[in-house]
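To keep things clear, I will list the structure first and then write my remarks on it.
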Protein chains: 2
Amino acid sequence: MPPDNAQRKRQRVTIADVAAELSVAVSTVSNAYNRPDQLSPELRARVLAVAAQLGYPGPDPLARSLRQQQAGAIGVLFAERLRYAFTDPAAVLVLDGIASALEQADLSLLLVPGRADTTTTVQRALVDGFIVYSMLEADPLVGAALARRIPTVLLDQPPRAGVPSITVDDADGAHQIADHLLRFGHRRFAIITDRLSEPLTSTDLSLHEQAAHTFFVTQLRCQGYRTALEAAGLRWQDVPIHECADNSQADGAAAMQALLHMSPRPTAVLCITDRLALGALTAAQQAGLAVPSDVSIVGFDDIPSAAHASPPLTTIRQAHRDKGLLAGQALVALLRGEAVAERITLPVELVVRGSTEPAAGC
Amino acid sequence: MPPDNAQRKRQRVTIADVAAELSVAVSTVSNAYNRPDQLSPELRARVLAVAAQLGYPGPDPLARSLRQQQAGAIGVLFAERLRYAFTDPAAVLVLDGIASALEQADLSLLLVPGRADTTTTVQRALVDGFIVYSMLEADPLVGAALARRIPTVLLDQPPRAGVPSITVDDADGAHQIADHLLRFGHRRFAIITDRLSEPLTSTDLSLHEQAAHTFFVTQLRCQGYRTALEAAGLRWQDVPIHECADNSQADGAAAMQALLHMSPRPTAVLCITDRLALGALTAAQQAGLAVPSDVSIVGFDDIPSAAHASPPLTTIRQAHRDKGLLAGQALVALLRGEAVAERITLPVELVVRGSTEPAAGC
DNA sequence: GTATATTTCTGAAACGTTACAGACAAAAAC
DNA sequence: GTTTTTGTCTGTAACGTTTCAGAAATATAC
């Protein structure tokens, strides 16, 4: 299709053209669209007819939004790559929840691409507010969003004073699921996690230093594992941690393969997400190991496919969709000038399924 | 959190305030942000310092967009409920593809909620273009989008003159997969489809009448089934069609249960999507039937979980992600004033897996 | 030392609306 | 027959930027 068709950028028809054609005031044309009660039905009909004839596409949204000082959309900042939003099952559920909240408020949802090299998309996003979801605390995009000084809600983010935050009790979940394995008599653990800036092998201080470069939920979950294992008398330094570049099944499988070469082999593998766990599961089985009799594997998140794996995955359930819904509702409330809780922490629940059993010799 | 905190709508700081404070022209402040080469580094530093001190959040995106006549985002119209976009695996892949294309062009993606009762969200969407994806042709939202007279690409939609359209050869796919079953000797078919306005049991004319109220791909696929079956000497009127309200596994299962009560029972079930097929599969198995020996089941789309089902699903593969990518790229080209193909049709591929086998007695 | 660039800053005109106060006439109230 | 209300329509001032031609000052060329 040549560009010189109906979609070509031809001379723009504005409200002024319609007004001129009819010899009425521009405000009258405006009223025809926005306040039908402010003019006679006959005139309104004429205005609309002339507008159609002239090819006037209706009031320009940008001009209207500038005048009314509202964009009618909220922005979601999530992950480095926009496409990731559509790939991760847990994220999909969260976005679904956000979408539900917005739908009720007639707001649109702007997905802002998070290229690390520029913050301009955030600075120029036409939105009335932001939901910042699972970004690195040090990510410039987060700073750029907060610098906009528009209503913002943090979701799975380190809380900041003055900004409503919704978080999940990830540390508790990690603690619970590690405890579950400890009660089964497991003593040789390994951890498969997504990207850490450095292995979590040093002191608390170092934990804090690297915090800004580690995903908040990753931090919390690792902390949960740690406190549980240390409470059982295990030394954190002795627990092998395998770090994956991506939260994907493929990376989980690769990590598992690496762990299987260790000796003594771990009898329980703590995966920081279900996707990694599912990968680990298949890798273990392909290596000829039986799950859970040779090795117990647990995940985190209870994504839909966790229940359908064989064996089904023992994991930590959280209400992904409600989490998103809550965040969306909080932002909507903020936009309306209503009060909002500064901090909400959602509970988690241990879901025991077939991928775990007592350690051999118990 | 009380609304009177840092996020309260306080007196707004504009570029003029910064300029006044410094006794420079507003254009100088503007240049400090947008054209650093247009002013001395010292003055620029002073401007930025004063801006920070005054709490100026940077140039207002709405005003900038109005002035520059571009929103920096494109809108996607999809399904009735925004949340559906995040639920359907095929749609997720398509959106992922669209997102990739936009990411490269530094454009954001606006998901417009499609409430049938109002078109205002479409009319007011702050976007430079639209991708209309799998909407009912008669949906007012589609009309509203086209009425905006901004660059638009149709995806899995009935083509319209002057608007670039990207479609998939769904009819061919349906024909192929029906043929596959016919070659296996099947003669007793049933069809499970998503919402139709009326059962597809009448003449071609009626097909056209209801077209505007049926999803385009549903139409194409049903046509494909029909031509294949009729070419094999079967009468379309004799083929039971079960219509589902939603494209969900649950609805597919319910449909299958209904079909199982028929006698003679169909030996082959054509499902118009993989999700319906997966539901049908489990329902058949729960009813004590073996798939494929008692009944062959096929899907359409080759979503990721189709390969992981047991038995894995025979289906029609299409390049969901590439489809979205192509649509995104076409829209980007349109926005740049480049020429774009008016019509692209993507091929499909039959993927034979374990859910089909020759009919008993062959 | 004049003419020509170059750098740095300015002012006003858009961008296309909507909100609001008011003008005018016709209808309603007393 | 005056006042009050109602119904229609108008004009103008925002909304907060960016753009662009040009002014002023400073540097460069000859």
Side-chain angles (χ1 to χ4, degrees), chain A residues 9 11-48 50-51 54-72 120 123-128 148-150, chain B residues 9 11-48 50-51 54-72 120 123-128 148-150:
Chain A
K9 179 179 282 184
Q11 191 58 36
R12 219 172 204 253
V13 181
T14 75
I15 205 173
D17 299 322
V18 178
E21 178 73 20
L22 281 157
S23 307
V24 298
V26 289
S27 46
T28 300
V29 177
S30 174
N31 284 334
Y33 282 93
N34 307 305
R35 308 202 174 167
D37 56 316
Q38 292 293 302
L39 73 175
S40 64
E42 304 79 45
L43 180 55
R44 186 171 123 93
R46 276 205 299 145
V47 170
L48 264 28
V50 168
L54 258 45
Y56 175 61
D60 179 70
L62 275 173
R64 150 183 262 146
S65 278
L66 173 62
R67 177 61 234 240
Q68 302 195 140
Q69 294 291 79
Q70 50 163 306
T120 57
Q123 289 166 325
R124 301 187 180 180
L126 269 15
V127 296
D128 298 319
R148 286 277 300 266
R149 293 166 177 261
I150 55 179
Chain B
K9 179 177 283 185
Q11 191 58 38
R12 217 171 206 253
V13 181
T14 75
I15 206 173
D17 299 321
V18 178
E21 179 74 18
L22 281 158
S23 306
V24 297
V26 289
S27 48
T28 300
V29 178
S30 173
N31 284 333
Y33 283 93
N34 306 307
R35 309 203 174 166
D37 57 315
Q38 293 292 303
L39 74 175
S40 64
E42 303 79 46
L43 180 54
R44 186 170 122 92
R46 276 205 298 145
V47 169
L48 263 29
V50 169
L54 258 44
Y56 175 60
D60 179 71
L62 275 173
R64 150 182 262 149
S65 278
L66 173 62
R67 178 60 233 241
Q68 302 195 140
Q69 295 289 79
Q70 50 163 301
T120 58
Q123 289 165 327
R124 299 185 183 182
L126 269 14
V127 295
D128 297 319
R148 287 277 301 266
R149 293 166 176 261
I150 56 180

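So that the names make sense, note that chain A is the first sequence line, chain B the second, and so on, each numbered from 1. None of these values were measured; they are calculated from a predicted model.
To the nearest 0.5 angstrom, L22(A) atom CG is 11.5 Å from D17(A) atom CG. The OG1 atom of T28(A) lies 10.0 Å from the CD atom of Q38(A); values are rounded to the nearest 0.5 Å. Separation of atoms CG (L126(A)) and CG (L62(B)) is listed at 4.5 Å; rounding is to 0.5 Å. Summarising the geometry, atom CD belonging to E21(B) is positioned 11.0 Å from atom CZ belonging to R46(B); distances are rounded to the nearest 0.5 Å.
Following rounding to the nearest Å, I15(A) (CD1) and dT10(D) (P) show an atom-to-atom distance of 13 Å. Regarding Y33(B), its OH atom lies at a distance of 15 Å from the P atom of dG16(D), rounded to whole Å. Look at CZ on R148(A): it is 13 Å from C1' on dG16(D), rounded to the nearest Å. As a whole-Å value, the separation of Q70(B) CD from dT17(D) C1' is 13 Å. Summarising the geometry, the separation between CD on Q123(A) and P on dT17(D) is reported as 13 Å, rounded to the nearest angstrom.
Looking at R124(A), its side chain never comes within 3.5 Å of a backbone N or O of P61(B) through a donor-acceptor pair. A donor-acceptor contact shorter than 3.5 Å is absent between the side chain of S30(B) and the backbone of V26(B). With R148(B) contributing its side chain and Q123(B) its backbone, the two residues share a donor-acceptor pair below 3.5 Å.
If you check every strand for non-hydrogen atoms under 4.0 Å, R124(B) touches nothing. Y56(A) comes within 4.0 angstrom of the backbone, heavy atoms only, and of no base.
The side chain of L66(A) lies closest to dC15(D), out of dC15(D), dT17(C), dT19(D). Listed candidates were dC15(D), dT17(D), dA19(C). Nearest to the side chain of Q69(A) is dC15(D).
Contact annotation: R64(A) side-chain N/O to dG16(C) OP1/OP2 distance is not under 4.0 Å. For R35(B) and dT19(D), the shortest distance from a side-chain N or O to OP1 or OP2 is below 4.0 Å.
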Q: At under 4.0 Å between heavy atoms, which parts of nucleotides 4-14 of chain C does protein reach? Answer with one letter per nucleotide, 5' to 3': B base, S sugar-phosphate only, - none.
A: ----SBBB-BB
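Between Q68(A) and L62(A), the residue anchored closer to the 5' end of DNA chain C is L62(A), taking for each the nucleotide with the nearest heavy atom.
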